[in-house]
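In what follows, a single structure is set out as structure tokens and then discussed.
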Amino acid sequence: MAKIGILFATRHGSTARIAQRMALALVHDGHRVDVITCPPRGKPAFDPRWYDAVLIGSSMHMLRHHGEIVRFIRRHRASLASMPAGFFSVSLSAGSDDPAKRAEVRSLVDRFLGRVGWRPAHVALFAGTLAYTRYDPLTRFVMKQIARVNGAALDTSRDHEYTDWSAVEAFAHAVAGRPTPHATEASSVTP
């Protein structure tokens, strides 16, 4: 089986939980998996050349992915282009019922990948969690306004999960070379 690396950046933990779920699915298949958080400053202890396949993920805030992921991809794009790899983006809009909002997220991810100069074979958009209980008061207020516009939950006394976990697992399997019936659904953006 393969050695697979998963590198991610997150602000409120949704992307971390998605990365961990991918790792569990891949370990269940017999792969060896490392899951690494990309630090906001400095370089992660992660080099794509150490792995047979790599998954990289970032949450999106204010229409942008994390700067540390941008820097990492730019630094390692030649290695990433020469191996099985995938990118996953996490945002609440990715789970919207509105096709126009999902298309906007696809467009943002396409532009992001163009800017960093990487076109992975596998790209997925996942909805995360509306984590009201983990937000500071200002973020909670802003997220509630965004939720109102997007038709998401407004109850701030608890968190609201929007992640399609079967699509998350299917995406991980597809990058690792084992397509599943959900793999095409998970790879909703193609280069």
Side-chain angles (χ1 to χ4, degrees), residues 5-24 33-46 54-76 80 85-96 101-102 104-116 118 120 122-165 167-169 171-172 175 186 188-189:
I6 303 174
L7 179 72
F8 69 91
T10 189
R11 180 169 295 152
H12 299 290
S14 290
T15 309
R17 287 196 339 280
I18 289 170
Q20 289 295 336
R21 183 68 164 259
M22 288 179 186
L24 286 173
V33 181
D34 292 334
V35 181
I36 308 289
T37 303
C38 193
R41 290 175 179 53
K43 296 179 183 177
F46 187 98
V54 171
L55 297 105
I56 297 177
S58 176
S59 56
M60 189 180 345
H61 298 278
M62 305 293 286
L63 308 178
R64 302 182 74 96
H65 291 90
H66 291 263
E68 56 269 29
I69 289 293
V70 171
R71 290 184 294 279
F72 180 85
I73 293 172
R74 284 183 174 152
R75 189 175 322 123
H76 296 282
L80 292 168
F87 177 76
F88 61 100
S89 178
V90 180
S91 68
L92 285 176
S93 297
S96 174
K101 288 190 188 312
R102 288 192 316 271
E104 179 184 3
V105 174
R106 280 188 205 99
S107 176
L108 289 168
V109 171
D110 277 343
R111 285 193 301 237
F112 164 76
L113 292 170
R115 279 195 320 274
V116 297
W118 180 42
H122 304 276
V123 177
L125 312 176
F126 299 121
T129 302
L130 193 51
Y132 286 127
T133 64
R134 288 180 260 154
Y135 300 148
D136 61 67
L138 178 60
T139 302
R140 185 177 307 112
F141 173 79
V142 170
M143 292 306 294
K144 187 172 181 179
Q145 302 316 306
I146 293 169
R148 186 181 323 278
V149 170
N150 288 302
L154 301 176
D155 177 3
T156 61
S157 68
R158 66 183 190 89
D159 296 342
H160 303 273
E161 182 66 58
Y162 293 99
T163 307
D164 179 344
W165 295 109
V168 167
E169 292 174 359
F171 175 72
V175 174
S188 57
V189 179

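Just so it is clear, the model here is predicted, and its values are computed rather than measured.
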Note to self: Quick check on Arg75: does its CZ atom have over 12 non-hydrogen neighbours (other residues, nucleotides or ligands) under 6.0 Å away?
What the structure shows: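 More than 12 heavy atoms, drawn from other residues, nucleotides or ligands, come within 6.0 Å of this atom.
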A side-chain contact here means heavy atoms from C-beta on lying under 4.5 Å apart; do [X] and [Y] qualify?
X	Y	result
Ile18	Phe171	no
Leu125	Arg106	yes
Phe8	Ile36	no
Leu80	Pro120	no
Ile6	Gln20	no

Check: Would you say the side-chain atoms of Tyr162 pair up with the backbone N or O of Ala152, donor to acceptor, closer than 3.5 Å?
Finding: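 It does not hold such a pair.
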Notebook entry, point to check: Under 3.5 Å, side chain of Ser58 to main-chain N/O of Ser89, donor-acceptor pair present?
Noted result: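 No: the side chain of Ser58 does not pair with the backbone of Ser89.
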Between [atom1] on residue [X] and [atom2] on residue [Y], distance to nearest 0.5 Å:
X	Y	atom1	atom2	result
Gln145	Met143	CD	CE	11.0 Å
Asp136	Phe141	CG	CZ	12.5 Å
Glu68	Arg71	CD	CZ	6.0 Å
Arg11	Ser59	CZ	OG	6.5 Å
Phe126	Arg21	CZ	CZ	11.0 Å
Met22	Phe88	CE	CZ	4.0 Å

Item checked: Thr139 and Arg134: CA distance, side-chain angles, deciding distance, side chain to side chain contact (heavy atoms under 4.5 Å, CB included) verdict -> CA-CA 9 Å; Thr139 302; Arg134 288 180 260 154; over 6 Å; no
So which atom in [X] and which in [Y] form the shortest heavy-atom distance, rounded to 0.1 Å?
X	Y	answer
Thr15	Thr10	N-OG1, 3.5 Å
Ala127	Ala94	N-CB, 3.9 Å
Ser14	Val90	CB-CG1, 4.2 Å

Next item on the list: With sequence neighbours left out, write down each residue that passes side-chain contact (heavy atoms from CB on, under 4.5 Å) with Ala85, or none if nothing qualifies.
Entry: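 Testing Ala85 for side-chain contact (heavy atoms from CB on, under 4.5 Å), a comparison that skips the adjacent residues, returns Met83, Trp118.
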Next item on the list: Quick one: list whatever passes side-chain contact (heavy atoms from CB on, under 4.5 Å) with Arg111, sequence neighbours left out.
Entry: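 Scan of Arg111 (side-chain contact (heavy atoms from CB on, under 4.5 Å), adjacent residues dropped) gives Ser107, Leu108, Arg115.
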Check: Among Leu55, Ile69, Val116, whose side-chain contact (heavy atoms from CB on, under 4.5 Å) with Phe87 holds?
Finding: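 Answer after filtering Leu55, Ile69, Val116: Ile69.
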Notebook entry, point to check: Testing Leu154, Thr129, Leu92, Asp155 for side-chain contact (heavy atoms from CB on, under 4.5 Å) with His160, which one passes?
Noted result: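 With His160 as partner, Leu154, Thr129, Leu92, Asp155 yield a single side-chain contact (heavy atoms from CB on, under 4.5 Å), made by Asp155.
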Check: Taking only residues two or more places apart in sequence, or in another chain, which ones meet His76 in a ring pair (Phe, Tyr, Trp, His ring centres under 6.0 Å)?
Finding: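 Once residues adjacent in sequence are excluded, the partners of His76 under the ring pair (Phe, Tyr, Trp, His ring centres under 6.0 Å) criterion are Phe72.
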Margin query: Set out, in order, the CA-CA distance, both residues' side-chain angles and the distance that settles side chain to side chain contact (heavy atoms under 4.5 Å, CB included) for Phe112 and Ile73, then state yes or no.
Written below: CA-CA 11 Å; Phe112 164 76; Ile73 293 172; 4.0 Å; yes
Next item on the list: Assign the ring pair His61 / His12 to parallel, tilted or perpendicular, where the plane angle (0 to 90°) is split at 30° and 60°.
Entry: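 Rings of His61 and His12: perpendicular, as their planes differ by over 60°.
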